[in-house]
Protein chains: 2
Amino acid sequence: MTTDRAASSLFAHRLKAARLALGISQMELGIQAGIDEASASARINQYERGKHTPDFLTVCNLARVLCVPTAYFYAEDEHLAELIDLFGHLRSAERKTLLDFAATLPSKKKGGT
Amino acid sequence: MTTDRAASSLFAHRLKAARLALGISQMELGIQAGIDEASASARINQYERGKHTPDFLTVCNLARVLCVPTAYFYAEDEHLAELIDLFGHLRSAERKTLLDFAATLPSKKKGGT
DNA sequence: GCACATACTAAGTATTCCTTAGTTCTCGGT
DNA sequence: ACCGAGAACTAAGGAATACTTAGTATGTGC
């Protein structure tokens, strides 16, 4: 399993991908996320290179700037990452519809009652 | 918005809920997640009370024990948390089905093409 | 009351992050 | 080729946070 090794780079990878999708610089991302202008560039770079990991509040701010749910950064499964991203762009009614549909699908185990 | 305040307790809340759903003690959860027996109880308690936050690798281990995707702990939206949990119990084929269905739903903005 | 399991906490040590100050890389203009 | 500007990237130390240890509280059955 690559879970251990991937753990340190998963967040970094998703952060960089989301930033490039928006087409802004590391410094700009940091500033818009509320980081001091003097350290924004260094910090975002450290995050994207996997050198350091931000605390949860910072991740929330980054997610807001990048227009993805916070959970997106922690999705190990690629399909799950996409699903979370899509969910973030839905209205309340469609979110409910999606959830209801998911509940109808057969689960792997724990058949329930 | 309660995003800021919730940030510190969101992980704690979801961790406790998932542990209780499994019906194991704080110490047992910690031990099964690979934490030293001597500090497992204290650490899990600190996590559930929002006193401290574990690093990403530890979160992955906790998720494995608790049978939820890692991203589940970071879902701000309650519906999203449920969706992630359901996704975790699906087989590969059903995951794809769910993702395809999500893609058919109308998105909030950025109508795109 | 006692014994045991579980939950919880304070405090010091250990570890990690944030800030600062800078270097390297890339590219467009001349 | 050279220069300048913006972007990416890095080392190192001070600042902040988590982990370990040791112990206290709470609840339950005997």
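Side chains included, hydrogens not; waters and symmetry mates left out as well; all remaining heavy atoms used. In the text below, chain A, chain B and the rest are named by the order of the sequence lines, each starting its count at 1.
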Would you mind reading off the distance between [X] atom [atom1] and [N] atom [atom2], rounded to a whole angstrom?
X	N	atom1	atom2	result
B:Arg19	C:dC8	CZ	C1'	12 Å
B:His52	C:dT13	NE2	P	15 Å
A:Gln26	C:dC25	CD	P	15 Å
B:Asn45	C:dA7	CG	C1'	6 Å
B:Tyr47	D:dT20	OH	C1'	11 Å
A:Lys16	D:dA8	NZ	C1'	9 Å
B:Arg43	C:dT9	CZ	P	17 Å
B:Asp55	D:dA18	CG	C1'	9 Å

### side-chain N/O A:Ser41 vs D:dC9 OP1/OP2, d < 4.0 Å
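Answer no for this pair, as no side-chain N or O of A:Ser41 is under 4.0 Å from OP1 or OP2.
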### Message
Would you say B:Arg49 places a side-chain N or O within less than 4.0 Å of OP1 or OP2 belonging to C:dA7?
### Response
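For B:Arg49, the contact criterion (side-chain N or O under 4.0 Å from OP1 or OP2 of C:dA7) is not met.
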### Query
Can you tell which of C:dT20, D:dT21, C:dA7 lies closest to the side chain of A:Ala42?
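The nucleotide sitting nearest to the side chain is C:dT20.
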### Message
What's the closest nucleotide to the side chain of B:Ser39 if the choices are D:dT20, C:dT20, D:dA8?
### Response
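Taking heavy atoms from C-beta onward, the closest nucleotide is D:dT20.
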### Task
Check whether the side chains of A:Thr58 and A:Asn61 place a donor and an acceptor atom closer than 3.5 Å, and report yes or no.
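On atom types as modelled, these side chains do not qualify, holding no pair under 3.5 Å.
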### Message
Regarding A:Gln46, tell me which of base, sugar-phosphate or nothing describes its non-hydrogen contacts under 4.0 Å with the strands shown.
### Response
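If one applies the 4.0 Å heavy-atom cut-off, A:Gln46 turns out to touch a base.
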### Message
So B:Leu29 and B:Leu22, do their side chains get closer than 4.5 Å, heavy atoms only?
### Response
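No; the side chains remain at least 4.5 Å from each other.
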### Query
Can you tell me if A:Arg64 uses its side chain to pair, donor with acceptor, with the backbone of A:Ala33 under 3.5 Å?
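Here the side-chain-to-backbone pair does not exist.
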#### Entry: Residue that, paired with B:Glu48, satisfies side chain to side chain donor-acceptor pair (under 3.5 Å) out of B:Arg43, B:Lys16, B:Arg14, B:Arg19
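Result: among B:Arg43, B:Lys16, B:Arg14, B:Arg19, B:Arg19 is the only option passing the side chain to side chain donor-acceptor pair (under 3.5 Å) with B:Glu48.
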